[in-house]
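Before any comments, here is the structure.
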Amino acid sequence: MTVSSSLTPRAGRRESYVRPTDQLIIFLDDAHYEAVENGAAHTRKRSAGDAVWHTQGEVAPLLINKGKAYRNLIVAFK
């Protein structure tokens, strides 16, 4: 497994991609963002300490930060 960190700045964007491995995302800060999938935007709020599981091969949506900057850890399983 590999562990990396990510900082999403205020108004930052993460482009869509296909997840290369199973991933556990752990939010270190509160987050408020939009996930855009198939042209539809869904508002998401996460609290510090929340963890989200994603499966290899999933299409990760475009994310647009709607709040202050937030950090998370990405644990990628091989």
Side-chain angles (χ1 to χ4, degrees):
M1 93 173 75
T2 60
V3 179
S4 58
S5 62
S6 173
L7 170 66
T8 303
R10 182 181 301 271
R13 296 170 56 101
R14 187 207 63 203
E15 297 302 322
S16 178
Y17 71 100
V18 175
R19 296 183 193 280
T21 66
D22 290 338
Q23 296 175 339
L24 179 64
I25 310 297
I26 303 162
F27 288 81
L28 301 176
D29 303 300
D30 292 344
H32 176 216
Y33 58 90
E34 282 184 349
V36 181
E37 300 176 89
N38 300 320
H42 305 279
T43 299
R44 302 245 166 85
K45 290 186 179 182
R46 306 289 185 195
S47 297
D50 282 356
V52 180
W53 177 263
H54 293 289
T55 304
Q56 179 180 9
E58 265 183 42
V59 176
L62 164 67
L63 296 184
I64 303 167
N65 188 1
K66 295 297 186 177
K68 59 185 179 177
Y70 66 89
R71 302 168 296 148
N72 55 31
L73 295 177
I74 302 103
V75 181
F77 296 87
K78 295 191 179 206

Across all chains, not counting sequence neighbours, the salt bridge (Lys or Arg N to Asp or Glu O under 4.0 Å) partners of D22 are none
Those residues at least two apart in sequence (or on a different chain) that pass salt bridge (Lys or Arg N to Asp or Glu O under 4.0 Å) with R14 are none
Test item: R19 and Q56 side chains (from C-beta on) under 4.5 Å apart, heavy atoms: no
All heavy atoms of S16 vs all of V59, minimum pair found to be OG-CG1, 3.6 Å
Residue set satisfying side chain to side chain donor-acceptor pair (under 3.5 Å) with Y70, at least two apart, ordered chain then number -> none
For V75, the other hydrophobic cluster members (4.5 Å side-chain criterion, sorted by chain and number) are M1, V3, L24, I26, L28, W53, L73, F77
- Task: Look at the side chain of N65 and the backbone N and O of Y33, then say whether any donor-acceptor pair between them is shorter than 3.5 Å.
- Result: no
With heavy-atom distances below 4.5 Å as the criterion, would you say the side chains of R46 and D30 are in contact? no
With sequence neighbours left out, the residues meeting ring-ring contact (aromatic ring centres under 6.0 Å, His included) with Y17 are none
d(T43 OG1, I64 CD1) to nearest 0.5 Å is 10.0 Å
Quiz item: Is any side-chain heavy atom of L63 less than 4.5 Å from a side-chain heavy atom of R13?
Solution: no
Notebook entry, point to check: Should the pair E37-R44 be classified as a salt bridge under the 4.0 Å nitrogen-to-oxygen rule?
Noted result: yes
In this structure, NZ of K45 is separated from NE2 of H32 (nearest 0.5 Å) by 5.0 Å
Side chain to side chain contact (heavy atoms under 4.5 Å, CB included) filter on S6, not counting sequence neighbours, yields T8, N72, I74
